[in-house]
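Here is the structure we will look at, set down as C-alpha cells.
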Number of protein chains: 2
Amino acid sequence: MKRTRAKETDDESGGTAPGGIQALDAALSVLRVLRSFDGPATLSDIAREAGMPPSKVHRYLASFIHAGLAVQKERSGRYDLGREAAELGVAAISRNNFVVRASDELEELATVTGQAALLAVWSHNGPTVVRLERGPHLTTTSIGLGSTFPLLDSATGRVFLSYLPSPQLAVRLQNELERAASAGVSWPDLNPDLASVEAVTMKVRRERVAYVDGRYIPGLVAISSAITNWQGEIEVAATLFGTHKDLLQPESPARSALIDFASRHSIAPPAQLGKPRGAQVR
Amino acid sequence: MKRTRAKETDDESGGTAPGGIQALDAALSVLRVLRSFDGPATLSDIAREAGMPPSKVHRYLASFIHAGLAVQKERSGRYDLGREAAELGVAAISRNNFVVRASDELEELATVTGQAALLAVWSHNGPTVVRLERGPHLTTTSIGLGSTFPLLDSATGRVFLSYLPSPQLAVRLQNELERAASAGVSWPDLNPDLASVEAVTMKVRRERVAYVDGRYIPGLVAISSAITNWQGEIEVAATLFGTHKDLLQPESPARSALIDFASRHSIAPPAQLGKPRGAQVR
DNA sequence: TGTTCTTATTGCGTATTATGCAATCAATTT
DNA sequence: AAATTGATTGCATAATACGCAATAAGAACA
C-alpha cells in the first residue's frame, strides 16, 4: 500500500490539509481550541484563542452542537464539549490495545485483590478514569468514570508524574507546585519543589508503584502502577483503592498483583535502545 | 442566558445545522460513520455508509488525518480513529459530570412533560434523590432531597436494579427479597425471588423505562429511566412522577421525553466492547 | 428602573472554494 | 498480463463560506 497519504499535522498551528477541505480544517482548529480550555468557554474566548472572527467561530460551533460534539450551557452561554465527543473518545480508546487488554482483566484484578480497580489515561485535564471496577466492598465514593486526579497527592497522578514525557506535564505540574507552595502545603514524602518531585518519581519508577495513604481522601488508600509502551512511556495507569491500610504494605498480595498486572500489560522497551524514555527525560 | 441556541441533532441522519456550515456538517457525519465501525475501515465502506461519493469522503478524511482525528494504516490503507480523537474524547469525559449535566436540563424536562422530576444516584442507603424539580402541578408527596427508594417497589429502585453491577446490589437486594418473602408480599409483575427479578430487569432494560403505577404509594405514578456510562452501568436515574395514570401509557409523550432525556445524557459504550457490562453481570 | 456597554447571533452580497465527474494511479484478483 | 476494484487527483462551475454590519440579548452600572 504505497498510496499518497494525507499528512497529519506536525505543528500546533494546524494549517490546511493538502487535498482536504479548508473550512473543515479551520473548524477542526476551533474544536481543538475548545478542547484545550479546562472547562466551558465563552465564544469570544474561543475566537480569540483560535484567531478568528467570532461570527465565523459561531457558525462552526453551531455545526459542532448540531453534531453533538459541543454543547452550549443554558445559563452561562458558554460552550463545552458534548456527549458525541465523549463517545468518540471512548471509541478511540477502545482501539488502544493497552487499554483494551487491561480492561479485559480489570474485573479479575479487582476480584483477586478485593479492591476497587480503575484504569486512567492522560488527558488535558490530567489523569482521567476510563474504566472502573468497584468490587463488593466499595459502595460509594466520589471517584467515578471520568474523574480526574491531581499529580502530587494521588497515587494515579504520581504514576503519570513518573512516566509521562515532561512537556505534557509541565504546565499542570507547575500549577500544582505553585498552588501547594502558596498554600504552604507539603506532604510527608514530598515538598512542593522540583527536586523533591524528582526524588519521588525516581522512587516510583524503582518500586514500580505509587501510593497515597488515606491522608488525602480520608479513609481511602490507593496504589497505582504504570502500563508502559515500548518507549517506556505510560499508556495507562492501573490503580487499586479501598479502605484497608494493608494495601500499603510492601508484602501485600494486592500490591504484588497490581505490579504483576501492569507488567504483564506493558511492552518492555527493546534493550538495545538503552534506557526507557521515561527515565531519560528526567 | 436565553439566546437562540443551536439544536443538537435529534436523528441519526445528521442533516444540516441551522446557522452552521454545510461542509462541516457533512464531514462530521463521516467522522461519526468512522466511529461506528468497530475497527479500521476502507474508504469505500465509509463512503457507502455515509451515502457520499468516495472522492468527497476522501477529502474530508484528508482533513481529519491532518488534524490527527483519523489515521490511515500504512499497509491496509484502511482508515481508523487517530490519537487526537482519543485526546478530544478523554478531555470530554474528564469534563463530564452526569449529575450536573442532567441537572442543567431537569427543569426543562419537568416543564415539557408537566410532571415532577427527580434525579437519584446510588449511595450507601440505596437510590437517593439528589435533584428535584416539582414541575407545574402541585404534587403532595413526601419525596425530597435525600429521600431513598426501595429496589423492588419503586420505579427509581427498579432502574438501579436493572443497571447497577450485581456486587453492589447484592446485600440490599437480598434484604428486600427476604423481607418481602417473610411478609408474604408479592406484586402483580414481580415475585420475591431472583428469577422474577431477572425477568423484570430484562424488561426494564429492553424498554429502557421502569414504572410503578400508584399501587405502592397511593395516587402516585412514576416512571424512571437510566442515564448510563460507557460501561453500560447506571450513573443517575431520571424519574418523572405525578398523579395522572396517562404517564404509564406506552405512547405517552412524557415517557418518550424521559427516555430521550436519559439517552441524551448517557454515554454509550462502543460497539465492539460487546454487551454492556451492566447486562453481562447478570 | 433605565442607560450603557459587552457579547452573541444573524442577514446579505460577493469572493472563495467545495463539489461532481472524469481521469489517473495503485492494488488486488483472475 | 489483463481485468477489476478501490483510492486519489484535476478542473470547471455551482454552491456556499465568509466578512462586515446590523440586530438581539445579557450584564453592568448609575
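In the text below, chain A, chain B and the rest are named by the order of the sequence lines, each starting its count at 1.
In terms of position on DNA chain C, the residue among A:Ser44 and A:Gly20 whose nearest nucleotide sits closer to the 5' end is A:Ser44. Summary of the strand contacts: B:Arg48 and B:Ala23 both lie near DNA chain D, and taking for each the nucleotide with the nearest heavy atom, the more 5' one is attributed to B:Arg48.
For the residue pair B:Asp260 and B:Ser263, no side-chain donor N or O sits within less than 3.5 Å of a side-chain acceptor on the partner. Between the side chains of A:Gln72 and A:Tyr79, at least one donor-acceptor pair of N or O atoms lies under 3.5 Å. With hydrogens and angles left out, the side-chain atoms of A:Thr16 and A:Asp25 include no donor and acceptor closer than 3.5 Å. Between the side chains of B:Thr156 and B:Thr239, a donor-acceptor pair is found at a separation under 3.5 Å.
Distance NZ (B:Lys56) to C1' (D:dT8): 17 Å, rounded to an integer number of Å. At whole-Å resolution of the value, CD in A:Gln22 and C1' in D:dT16 are 13 Å apart. The interatomic distance linking B:Ile65 (CD1) with D:dA7 (C1') rounds to 12 Å, in whole Å. Between A:Glu74 atom CD and D:dA25 atom C1' the separation is 14 Å, expressed in whole Å. Atom pair A:Arg75:CZ and D:dA27:C1' shows a separation of 17 Å (rounding to whole Å applied). Rounded to whole Å, the distance from CD1 on A:Ile21 to P on D:dG10 is 14 Å. Rounded to whole Å, atom C1' of D:dT9 lies 13 Å from atom CG of B:Leu43. In this structure, B:Met52 places its CE atom 8 Å from P of C:dT19, rounding to the nearest Å.
Taking only side-chain nitrogens and oxygens, A:Gln72 comes nearer than 4.0 Å to OP1 or OP2 of C:dT9. Distances shorter than 4.0 Å separate some side-chain N or O of B:Tyr60 from OP1 or OP2 on C:dT19. Considering only side-chain N and O atoms, B:His58 lies under 4.0 angstrom from the phosphate OP1 or OP2 of D:dT8. Note on B:Tyr79: a side-chain N or O is less than 4.0 Å away from OP1 or OP2 of D:dT8.
Side chain A:Arg59 to base D:dG19: a donor-acceptor pair is found below 3.5 Å. One donor-acceptor pair, N or O on each side, does fall under 3.5 Å between the base of D:dC20 and the side chain of A:Ser55.
Salt bridge present: B:Asp80 and A:Arg95 bring a charged side-chain N and a carboxylate O closer than 4.0 Å.
In the helix from C:dT1-D:dA30 to C:dT30-D:dA1, the rotation axis of the first five pairs and that of the last five pairs differ in direction by 50°, rounded to 10 degrees.
Remark: of the listed residues B:Val57, B:Ile46, B:Leu28, B:Asp45, B:Ile46 is the sole one forming a side-chain contact (heavy atoms from CB on, under 4.5 Å) with B:Val33.
Remark: A:Arg101 CZ is loosely packed, at most 12 non-hydrogen atoms of other residues, nucleotides or ligands lying under 6.0 Å away.
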